[in-house]
2 protein chains.
Amino acid sequence: MSKRVGIREVAAAAGVSVTTVSHSLSGGGQLSDATRKRVRSVAESLNYTPNRLASGLRSKRSQIIGFVSDEISTTPYAGNMLLGAQDAAAAHDQVLMVVNSNRNAQLEARGIDALLQHRVDGIIYARMYHQAVELPAALSGVPTVFLDASNESSDLSSVVPDEEGAALTAMDHLIEAGHRRIGYLNNIDDIPATRGRLAGYRAALAKHGIPFDESLIALSESMTGPGRDAASRLLARPDRPTALFCFNDRIAMGAYQAAHLARLAIPHDLSIVSIDNFEVLADALLPGLTSIALPHYEMGRWAAERLAAELAGEADSPPEQIRMHCPLVLRQSVGPPLR
Amino acid sequence: MSKRVGIREVAAAAGVSVTTVSHSLSGGGQLSDATRKRVRSVAESLNYTPNRLASGLRSKRSQIIGFVSDEISTTPYAGNMLLGAQDAAAAHDQVLMVVNSNRNAQLEARGIDALLQHRVDGIIYARMYHQAVELPAALSGVPTVFLDASNESSDLSSVVPDEEGAALTAMDHLIEAGHRRIGYLNNIDDIPATRGRLAGYRAALAKHGIPFDESLIALSESMTGPGRDAASRLLARPDRPTALFCFNDRIAMGAYQAAHLARLAIPHDLSIVSIDNFEVLADALLPGLTSIALPHYEMGRWAAERLAAELAGEADSPPEQIRMHCPLVLRQSVGPPLR
DNA sequence: TGAGCTTACATAAACGTTTTTGTTATTGTC
DNA sequence: GACAATAACAAAAACGTTTATGTAAGCTCA
């Protein structure tokens with residue numbers, strides 16, 4: 001492998017100046033189309049690969065977007081957000097540099113510092129579960145978009161799932177199937193999802209003129225075991241609900257198990273709908289679990305797209321705080337109520 | 001925000017040359033400790049943030065490691081590999097730039113090109129499921145380590161799970177619990193995991209003097225539904241196995257369902273062990289699924305560590321092809337055989 | 001004591017681009 | 001046919017580091 005070919009070698013081979021090569025490749029300056037084309041083909045034939053370190057240094061645009069998330073290992077959602085962000089970034093000739101804080105503030109600070117040293121053009125500050133967050137001090141002044149995270153007070157763009165809408169969609173589906181006594185297995189943590197989905201649950205009841213019954217709500221950690229216990233409690237009641245709306249698929253899996261233990265068939269004796277559309281569970285359960293999908297890919301995409309727009313935009317449009325729609329994915333866990 | 005502070009500003013403030021600042025911060029050159037310390041504290045007080053674009057350009061070391069994977073969204077393993085790689089990389093002052101091919105050769109080529117434009121120091125070429133791979137042409141000459149992927153013919157380092165050992169561990173566990181008729185729900189694809197785990201299954205039988213019975217093997221796609229069907233076939237036989245070894249947790253979940261349908265209690269009537277230790281399933285199933293963990297985090301770590309060593313190492317040690325041990329994670333799905 | 005080391009720093013070139021500022025033909029205008 | 005405007009390119013500075021080379025002072029030792 002001879003010496004790396006740079007813009008200089010291309011210039012020599014094409015018989016023009018380096019300026020002309022730069023302009024030809026970037027589309028800048030004013031050059032004849034003929035020259036542009038010739039230079040490009042020469043560059044191609046020489047296998048020229050632009051050096052982004054150099055161009056970033058000079059132009060002050062690294063073409064790198066930093067992606068910082070709180071955890072990436074324990075959740076299958078991370079991948080979809082990353083993928084969405086990556087796809088959108090690639091469309092703008094940007095590439096992702098990812099850093100994971102593992103929920104450790106010090107690691108996060110170090111990671112962000114590394115990103116800034118690499119002079120990322122902007123940052124996607126992501127959470128794996130919808131959360132309210134503060135902007136890390138180091139990021140003030142850096143173009144930033146929140147992903148699956150929101151911050152009331154800041155004037156930054158953000159995208160989160162429409163929690164209330166998701167719950168409403170789920171409940172509408174159950175109510176339209178004929179159910180009126182619908183239990184809700186809610187999460188126990190005080191996070192936007194918990195509050196939003198509960199609001200959606202109540203809104204749906206109100207919308208259809210069904211009185212709210214506090215005793216139909218059971219709280220559970222977002223795991224299968226606790227979900228099973230919570231569901232068992234609701235199903236043990238003499239006036240047990242004919243349907244359960246679950247905070248997420250893992251809790252729903254617990255509800256399946258509780259139904260089994262109570263000898264209730266799904267969906268004949270009990271209908272279930274939940275939120276997540278985590279395919280490994282929803283598809284695997286018997287019968288398949290009808291679930292509301294959280295639009296992770298789309299949110300990732302939106303975040304990167306929005307960031308790219310801010311980076312490109314001379315006239316910086318006002319920040320947007322998006323709540324993204326969550327679609328219903330039908331499977332076999334919902335049927336008409338008994339009797 | 002005044003003008004960005006660079007090495008030059010630090011030099012002025014400390015009353016030394018830029019050379020001295022560079023040496024102070026990097027630890028190079030020969031300077032008095034006093035000067036080094038003083039410069040460092042000045043840099044700190046000025047909030048100096050080194051520009052890696054510039055240093056990379058000059059020193060030809062970007063301190064970036066490229067991470068290219070085939071898919072990242074459909075699997076929960078990706079996160080752990082990424083995390084392991086990131087942790088090890090961070091220890092060497094490197095950061096990860098990730099690119100996802102989505103199993104599309106063209107996208108992969110484009111992604112790799114982007115990484116090379118950014119002059120990554122090396123590349124971790126990862127697969128989400130253990131696979132034999134070819135080194136993309138664009139990567140020849142680039143320091144590369146295979147992660148969860150292997151290539152017989154190349155002289156590059158790689159790390160994969162010890163598939164045969166994993167199966168052996170699983171089978172040993174069942175045999176030591178007293179089982180002799182053990183069914184195997186194997187995957188249907190022709191991949192190293194399929195072959196390796198089958199080899200481990202047979203090796204375990206041989207080791208314990210149990211004759212191999214072809215009819216105890218059922219093939220299934222790596223999903224719950226097909227796993228359920230395959231398990232049902234084995235369990236329908238009059239001389240049904242007392243235990244099942246499953247290719248992965250999703251198939252094992254199918255086996256659980258098949259057992260339910262056949263009115264067999266786990267582990268009383270049927271013991272099950274599988275491979276993956278995919279917590280969302282293994283922990284959630286009732287009873288908990290005993291499973292062999294694939295060391296994704298450790299493999300990611302090893303890959304980044306090894307790459308860092310190659311990058312640092314003047315004397316490039318010969319490439320290593322590692323098969324990593326897979327530990328057994330005990331839960332409640334294994335018991336003694338009936339009667 | 002002075003040649004040769006060593007210590008502790010400084011000067012300046014280099015990395016591969018982009019961008020600012022020319023420069024030279026060519027065209028158009030009256 | 002003089003003057004400005006434009007088109008098409010080139011020269012050189014700049015981006016913020018690292019590194020090769022230089023240099024001055026202090027020390028060693030014959």
Side-chain angles (χ1 to χ4, degrees), chain A residues 2-40 42-43 46-64 93 114 116-121 311, chain B residues 1-40 42-43 46-64 93 114 116-121 311-312:
Chain A
S2 55
K3 206 168 168 321
R4 258 212 166 287
V5 17
I7 208 181
R8 177 173 259 105
E9 281 69 29
V10 175
V16 296
S17 72
V18 295
T19 310
T20 302
V21 175
S22 176
H23 284 152
S24 297
L25 297 176
S26 73
Q30 35 180 308
L31 295 177
S32 70
D33 277 359
T35 307
R36 242 182 254 276
K37 277 197 175 128
R38 187 163 48 86
V39 170
R40 282 186 187 170
V42 168
L46 288 186
N47 252 310
Y48 167 70
T49 308
N51 185 329
R52 300 262 190 168
L53 295 175
S55 80
L57 172 61
R58 176 64 234 236
S59 67
K60 300 194 166 309
R61 314 212 64 220
S62 62
Q63 302 290 97
I64 303 175
D93 205 22
L116 295 180
Q117 292 190 7
H118 283 280
R119 297 296 187 266
V120 295
D121 291 334
L311 293 176
Chain B
M1 197 156 59
S2 54
K3 203 168 169 324
R4 258 213 165 286
V5 18
I7 207 180
R8 174 175 262 105
E9 281 68 29
V10 176
V16 296
S17 72
V18 295
T19 308
T20 301
V21 175
S22 176
H23 284 151
S24 296
L25 297 176
S26 72
Q30 34 182 309
L31 296 177
S32 70
D33 278 359
T35 308
R36 239 180 256 277
K37 278 198 175 128
R38 186 166 48 86
V39 171
R40 282 187 187 168
V42 169
L46 288 185
N47 253 311
Y48 167 70
T49 308
N51 184 329
R52 301 259 190 171
L53 295 176
S55 79
L57 173 60
R58 174 64 232 234
S59 67
K60 300 192 166 306
R61 315 214 63 221
S62 62
Q63 302 290 98
I64 304 174
D93 204 22
L116 294 180
Q117 292 190 7
H118 283 280
R119 298 296 187 265
V120 295
D121 291 334
L311 293 175

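The analysis underlying the following values was restricted to heavy atoms, covering all of them including side chains, and did not include hydrogens, waters or symmetry mates. Proteins get letters first, then strands, A, B, ... in listed order; numbering begins at 1 in each. The shown structure was predicted, so the numbers you read here are calculated from the model rather than taken from an experiment.
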On the nucleotide dT18(C), are OP1 or OP2 found under 4.0 Å from the side-chain N or O atoms that S22(A) carries? yes
Winner on side-chain proximity to Y48(A), out of dT17(D), dC15(C), dT17(C), is dT17(C)
Out of dT11(C), dT17(C), dA10(D), which nucleotide sits closest to the side chain of I7(A)? dT17(C)
Position toward the 5' end of DNA chain C (nearest nucleotide), L57(B) or R36(B): R36(B)
To the nearest Å, give me how far apart CG (L31(B)) and P (dT18(D)) are. 13 Å
May I ask you to evaluate whether T20(A) reaches the phosphate of dA10(D), defined as a side-chain N or O under 4.0 Å from OP1 or OP2? yes
When you check the phosphate oxygens OP1 and OP2 of dT18(C), does a side-chain N or O of S59(A) lie under 4.0 Å from one of them? no
By the 4.0 Å heavy-atom rule, please label T35(A) as base, sugar-phosphate, or nothing. sugar-phosphate
Mind calculating the distance between CZ (R61(A)) and P (dT19(C)) to the nearest angstrom? 10 Å
Please work out if S32(B) contacts a base, only the sugar-phosphate, or nothing of the nucleic acid, heavy-atom cut-off 4.0 Å. sugar-phosphate
Taking the basic N atoms (NZ, or NE/NH1/NH2) and the acidic carboxylate oxygens, is any pair closer than 4.0 Å for R52(B) and D93(B)? yes
Are K60(B) and dT18(D) close enough that a side-chain N or O sits under 4.0 Å from OP1 or OP2? no
Using only atom types and a distance under 3.5 Å, with no angle test, would you say the side chain of S24(A) pairs donor to acceptor with the backbone of T20(A)? yes
Using the rule given for side-chain contact (heavy atoms from CB on, under 4.5 Å), can you reason through T49(A) versus R119(B), listing the C-alpha separation, both sets of side-chain angles and the distance that settles it, and then say yes or no? CA-CA 10 Å; T49(A) 308; R119(B) 298 296 187 265; 3.7 Å; yes
Taken to the nearest whole Å, CZ/R8(B) to P/dT11(C) is 12 Å
Stepwise, does the side-chain contact (heavy atoms from CB on, under 4.5 Å) test hold for L25(A) with V21(A)? CA-CA 6 Å; L25(A) 297 176; V21(A) 175; 3.9 Å; yes
Does R58(A) make a side-chain donor-acceptor contact with the base of dT17(C), cut-off 3.5 Å? no
Write down the distance between CG (N51(A)) and P (dG16(C)), rounded to a whole number of angstrom. 7 Å
Once you round it to whole Å, what is the distance between C1' of dG22(D) and CD of Q30(B)? 13 Å
In this structure, how many angstroms lie between the C1' atom of dA7(D) and the NE2 atom of H23(A), rounded? 14 Å
Grab the CZ-C1' distance between R52(A) and dT17(C) for me, whole Å please. 12 Å
L53(A) CG to dT18(C) C1', in whole Å, measures 14 Å
Test side-chain contact (heavy atoms from CB on, under 4.5 Å) applied to N51(A) and R4(A), step by step: CA-CA 10 Å; N51(A) 185 329; R4(A) 258 212 166 287; over 6 Å; no
Reckon T19(A) touches a base, only the sugar-phosphate, or nothing at all at heavy-atom distances under 4.0 Å? base
